[in-house]
Amino acid sequence: MRTPMGGTVADGFERVADAFRAQLDSGAETGASVAAYVDGRLVVDLWGGWADAARTRPWEPDTLTTLFSTSKPIAATAVLTRVAGGAIALDDPIVRYWKAFPHPATTVRHALAHQAGLPAVAEPLTPAEALDWERFTAAIAATPLEWEPGTAVGEHALTYGNILGAILRGSTGETIGEVVRSFGVDVHFGLSEVDLRRCAEVEHGSPDWPEQSVHGHGDLWARALGNPAGLLDVDVLNGAAWRTGEMPAVNGHATARGLAALYAKLPELLPADLLAEALAPQVDGYDLLLEEGAVWTLGWRRDGTWVGMGGIGGSSAGGDERTGYWMAYVTRRLADHDRGNALYDAVEACLA
C-alpha cells in the first residue's frame, strides 16, 4: 500500500507535491504537512504519511504535531502584539513586568533577541519539573547570568518562552497560549482535550537521535538542551504534560497550514513600523550556543532576505521577503532538516 498523501497545489507548484511524494515514498518522511502562501494566497497545502507510530492513522489536514524551536517566533509574536497595544515596552527592564526577576539591566528587547544571558538553567530538573510553569520559571530566575545582558548572544533553547511568558503574564495577565489562540490560526500552546485527539505521535528518526541532539555541539548547547535529561524521550514528547502545558520555546503544536497562515498574517497582527523593527537585525555576531555566526531579530533568525526559524527534529517556518512567500513544514519524524530544505528549494524553484 502506498503511503497516503492529500492536499492541493496551485498551478506552477507541482514540483513541491512531487518532492513531498518522493519523501513519503522513500521513507525519509513518515508523517508531515507542508504549506506555503505567496502574496497572501495559499499555493501549497499538502499532508501525508501517518499520524501514529503503528501506521494505522493517516495524516489528516488538521493533524497537529509539535514544533520545537519553530515555536519561538510564535511566542515572540504574542509578546509583540502587546507591545503594539502599549502594554509592554521593548526597552523596559524585564523586572517591571516580572517582579521576581533578579537582573535589573535585562530588557524585553534583550529577551526577544536572545541576549538576556540565560540560555541554560543551572539547577538540574526532571522533565515534569521543566513542564511545570512556576517551577521552571523560578529555576530560570535563580540561574546566574552566562553574560551581561546585551553584551553577547546565544539562542535561549528552552528558556526563551518562559522568559517571554513571564513578561506577558506580568503585564496583561495572559498566557502565551491565550494570546496565540486569539490569532485565529491552527497554532497552539497547551492543547485542549479536543485538540489532543488530532495530535500526531512523534518518533525518533534514529535510535540515537536524542543523544545526537544534545551532545557533540558544545558545552553551552549540552547544558541548555540536556537539562532536563530525558526531555526528548518519546514518552515525554507524546505525553500529556508536553502537549497540554506551556514551555513556549519548544512545545508549540500546529498544522503546516496554520503555521504558514500565521506568518502570512503578520501584517495584520503587528503595525507596519513594529513589524519592520521586529524583523530587522537586532544582533549580528557569534552565537555562543550555536557556535556559529547568527543574525537575530526580535524573535526570528535572519539570513539575507530569509526570515524564520527551524527546530531540532526538522520542522521549520519562514519565508523570503524578496520573493514574497511564507512557508511551513511540520513533521513527526524527528531527524535532520534535509526534508524541509528540499521543500523550500522546490517552492523557490517554482517562483524563479
Going by salt bridge (charged side-chain N to carboxylate O under 4.0 Å, His left out), name the residues that satisfy it together with [X], two or more places apart in sequence or in a different chain.
X	result
R96	D92
E201	none
D45	R257

Side chains of [X] and [Y]: donor-acceptor distance under 3.5 Å anywhere?
X	Y	answer
H156	T159	no
Y344	S316	yes
D284	W296	no

Going through the distances and angles, do L288 and V153 end up as a side-chain contact (heavy atoms from CB on, under 4.5 Å)? CA-CA 6 Å; L288 295 176; V153 62; over 6 Å; no
Set out, in order, the CA-CA distance, both residues' side-chain angles and the distance that settles side-chain contact (heavy atoms from CB on, under 4.5 Å) for R243 and N238, then state yes or no. CA-CA 7 Å; R243 291 175 172 177; N238 291 326; 3.5 Å; yes
Rounded at 0.5 Å granularity, tell me how far [atom1] in [X] sits from [atom2] in [Y].
X	Y	atom1	atom2	value
L90	L298	CG	CG	6.0 Å
K72	W300	NZ	CH2	14.0 Å
L269	S182	CG	OG	8.0 Å
R332	S315	CZ	OG	12.0 Å
T3	E29	OG1	CD	10.0 Å
H110	T107	NE2	OG1	4.0 Å

Name all residues meeting the side-chain contact (heavy atoms from CB on, under 4.5 Å) criterion together with T137; count only those two or more places apart in sequence or in a different chain, and write none if there are none. W98, W133, N162, A166
So, for [X] and [Y], which heavy atoms are closest and what is the spacing to 0.1 Å?
X	Y	value
A335	G205	CB-CA, 4.4 Å
T143	A139	OG1-O, 2.8 Å
Y97	V108	CE1-CG2, 3.9 Å
A261	V185	CB-CG1, 4.1 Å
A111	I163	CB-CG2, 3.9 Å
P149	T106	CG-OG1, 3.0 Å

I'd like to know if the side chain of [X] reaches the main chain of [Y], judged simply by a donor and an acceptor atom lying under 3.5 Å from each other, with no hydrogens or angles considered.
X	Y	answer
D233	D235	no
D52	T56	yes
N251	M247	yes
Y329	S33	no
R2	P4	no
T63	A200	no
T172	L168	yes
H114	D287	no
W147	A152	yes
H337	G311	yes

If Ile, Leu, Val, Met, Phe, Trp and Tyr residues are connected whenever their side-chain heavy atoms lie under 4.5 Å apart, and connections chain through other members, are [X] and [Y] in the same group?
X	Y	value
L67	L196	no
I167	I140	yes
W326	V43	no
V34	L64	no
L343	M309	no

Below 4.0 angstrom, N of the basic side chain to O of the carboxylate: do [X] and [Y] qualify?
X	Y	answer
E174	R82	yes
D186	R198	yes
R135	E123	yes
E146	R223	yes

If you count heavy atoms of other groups shown closer than 6.0 angstrom to CD of E292, is the number above 12? yes
Can you confirm whether D303 is buried at CG, in the sense that more than 12 heavy atoms of other residues, nucleotides or ligands lie under 6.0 Å from that atom? no
With H103 via ring-ring contact (aromatic ring centres under 6.0 Å, His included) - residues at least two apart: F101
Residues in ring-ring contact (aromatic ring centres under 6.0 Å, His included) contact with F136, at least two apart in sequence or another chain: none
Give me each pair satisfying ring-ring contact (aromatic ring centres under 6.0 Å, His included) with a member in [range], each pair once, sequence neighbours excluded.
range	answer
residues 269-292	none
residues 14-73	F68-W242
residues 211-240	H217-W221
residues 181-201	none

Within the structure provided, determine whether [X] and [Y] are in side-chain contact (heavy-atom separation under 4.5 Å).
X	Y	answer
P127	P228	yes
R333	H204	no
P267	L275	yes
V347	C350	no
L164	P248	no

So which pairs with a foot in residues 54-71 pass salt bridge (Lys or Arg N to Asp or Glu O under 4.0 Å), sequence neighbours left out? R55-E203
Residues pairing under salt bridge (Lys or Arg N to Asp or Glu O under 4.0 Å) where one sits in residues 271-280, two or more places apart or in two chains, turn out to be R109-E277
Do I74 and L259 pass the side-chain contact (heavy atoms from CB on, under 4.5 Å) test, and can you show the C-alpha distance, the side-chain angles, and the key distance before you say yes or no? CA-CA 9 Å; I74 308 166; L259 187 52; 3.7 Å; yes
